Amino acid sequence: MTRVAVIDFETTGMSPLQGDRATEIGVVLMEGEQVVDRWHSLMNAGVRIPYFIESLTGISNAMVQAAPPAAQVMAEAARFVGDTPMAAHNAAFDRRFWQAELALAGQAAPQPFACTLLLSRRLYPQAASHRLGALAQWHALPASGPAHRALADAETAAALLARIRHDLRRQHGVADVHHGLLLQLQTHPRHRLQSVIERHLA
DNA sequence: TGCCAGGCCCTCTTTAGGGCCTT
């Protein structure tokens with residue numbers, strides 16, 4: 001059974017290269033379409049959270065100041081994930097922070113990332129919006145808690161990934177949706193979706 | 001001083017521009 005760690009970060013901004021840091025991490029472990037474990041933590045990276053971000057996430061400076069150090073949290077996250085392949089909604093964003101925060105903690109980040117945003121754009125071009133919350137509504141996914149909190153958003157992304165796996169099985173005839181197939185699908189143009197699947201099935 | 005993300009995707013494209021998505 002394919003095991004995937006679905007991750008979501010709350011951060012102080014968009015880019016670790018600009019000095020932005022993670023404030024919260026949530027990880028949901030899936031086997032196939034089932035959630036088998038979950039883990040989350042606030043983290044203190046020693047930087048101030050802008051007011052706009054506080055308002056967006058509800059994560060305050062006082063909350064992160066009371067949280068464990070970022071390096072300690074990331075070491076625990078790395079142990080929890082191990083070498084499990086990963087997924088996230090707009091994975092380019094979470095992968096940047098995963099790699100940057102682990103690098104600051106002296107840890108490697110070798111895991112490949114599947115992206116539910118890229119996969120949704122290919123599988124559901126008729127959706128009006130591919131934001132995580134909009135897709136959750138569009139698919140009628142189960143509610144997972146307040147948006148813009150790491151574990152709730154990781155749960156929603158995990159439910160979306162389960163839906164993607166389900167639709168690949170039921171609508172496209174893929175018996176076993178390997179992580180490698182997801183990585184292939186997300187890197188090909190939308191119009192080549194079916195040919196990639198057919199090559200995989202051959 | 002002034003600027004400030006990065007990458008994918010579409011199209012009135014490819015010698016480019018702008019919208020979307022993540023916080």
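For clarity, every value in this text was computed on a predicted model and none was experimentally measured. Order of the sequence lines sets the chain letters (A, B, ...), proteins ahead of strands, with each chain counted from 1.
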**Message:** Could you tell me how far dT23(B) sits from dG17(B) if I compare only their C1' atoms? Round to whole Å.
**Reply:** 25 Å

**Request:** Look at E33(A) together with R165(A) and state whether they make a salt bridge at an N to O cut-off of under 4.0 Å.
**Result:** no

**Asked** Quick one: is dC21(B) close enough that its OP1 or OP2 comes under 4.0 Å of any side-chain N or O from S129(A)?
**Response** yes

**Request:** Using whole Å, report how far CD1 of I7(A) lies from C1' of dT22(B).
**Result:** 13 Å

**Request:** Check every strand shown and say whether E10(A) touches a base, only sugar-phosphate, or nothing at a heavy-atom separation below 4.0 Å.
**Result:** sugar-phosphate

**Prompt:** For the rings on H139(A) and Y124(A), is their centre-to-centre separation under 6.0 Å?
**Reply:** yes

**Asked** Does Q186(A) or D8(A) map to a spot on DNA chain B nearer the 5' end, using the closest nucleotide for each?
**Response** Q186(A)

**Fill in**
From the candidates dA5(B), dC20(B), dG6(B), the one with an atom nearest any side-chain atom of R121(A) is dC20(B)

**Prompt:** Is R190(A) touching bases, backbone alone, or none of the nucleic acid, heavy atoms closer than 4.0 Å?
**Reply:** sugar-phosphate

**Prompt:** Roughly how many Å is it from CD in Q99(A) to P in dG6(B), rounded to a whole number?
**Reply:** 14 Å

**Item:** Spacing of the C1' atoms in dT1(B) and dG7(B) (rounded, Å)
**Value:** 29 Å

**Asked** Rounded to the Å, how far apart are L119(A) CG and dC9(B) P?
**Response** 10 Å

**Prompt:** In whole Å, what separates the C1' atom of dC12(B) from that of dG18(B)?
**Reply:** 12 Å

**Request:** Quickly work out the H148(A) NE2 to dT22(B) C1' distance and round it to whole Å.
**Result:** 9 Å

**Asked** Which is true for D20(A) with a 4.0 Å heavy-atom rule: it touches a base, it touches only sugar-phosphate, or it touches nothing?
**Response** nothing

**Request:** Kindly say whether V27(A) contributes a backbone atom to a donor-acceptor pair with the side chain of R38(A) at under 3.5 angstrom?
**Result:** no

**Request:** Might you confirm whether atom CZ of R131(A) has over 12 heavy atoms from other residues, nucleotides or ligands at distances under 6.0 Å?
**Result:** no

**Prompt:** Heavy atoms under 4.0 Å, any strand shown: does T23(A) hit a base, just sugar-phosphate, or nothing?
**Reply:** nothing

**Prompt:** Can you tell me how far P of dC9(B) sits from NE2 of H188(A), to the nearest Å?
**Reply:** 11 Å

**Asked** Between dG2(B) and dG6(B), how far is it from one P atom to the other, in whole Å?
**Response** 22 Å

**Item:** Spacing of the P atoms in dC4(B) and dG19(B) (rounded, Å)
**Value:** 16 Å

**Asked** Rounding to a whole Å, what distance do you find between R122(A):CZ and dG7(B):P?
**Response** 15 Å

**Message:** Taking any heavy-atom pair under 4.0 Å as a contact, classify I53(A): base, sugar-phosphate, or nothing.
**Reply:** base

**Message:** Determine whether a donor-acceptor pair (N or O, by modelled atom type, separation under 3.5 Å) exists between the side chain of N90(A) and the backbone of L117(A).
**Reply:** no

**Prompt:** Under the side chain to side chain contact (heavy atoms under 4.5 Å, CB included) criterion, do E24(A) and M43(A) qualify, and how do the steps go?
**Reply:** CA-CA 6 Å; E24(A) 188 180 42; M43(A) 65 177 89; over 6 Å; no

**Message:** From C-beta outward on L118(A), which listed nucleotide comes closest to its side chain: dA5(B), dT22(B), dC9(B)?
**Reply:** dC9(B)

**Item:** Protein-nucleotide distance (Y124(A), atom OH; dC21(B), atom P), rounded to Å
**Value:** 16 Å

**Asked** Over how many whole Å does the gap from F93(A) atom CZ to dC20(B) atom P extend?
**Response** 19 Å

**Request:** Look at all strands and tell whether F9(A) reaches a base, only sugar-phosphate, or nothing, counting heavy atoms closer than 4.0 Å.
**Result:** sugar-phosphate

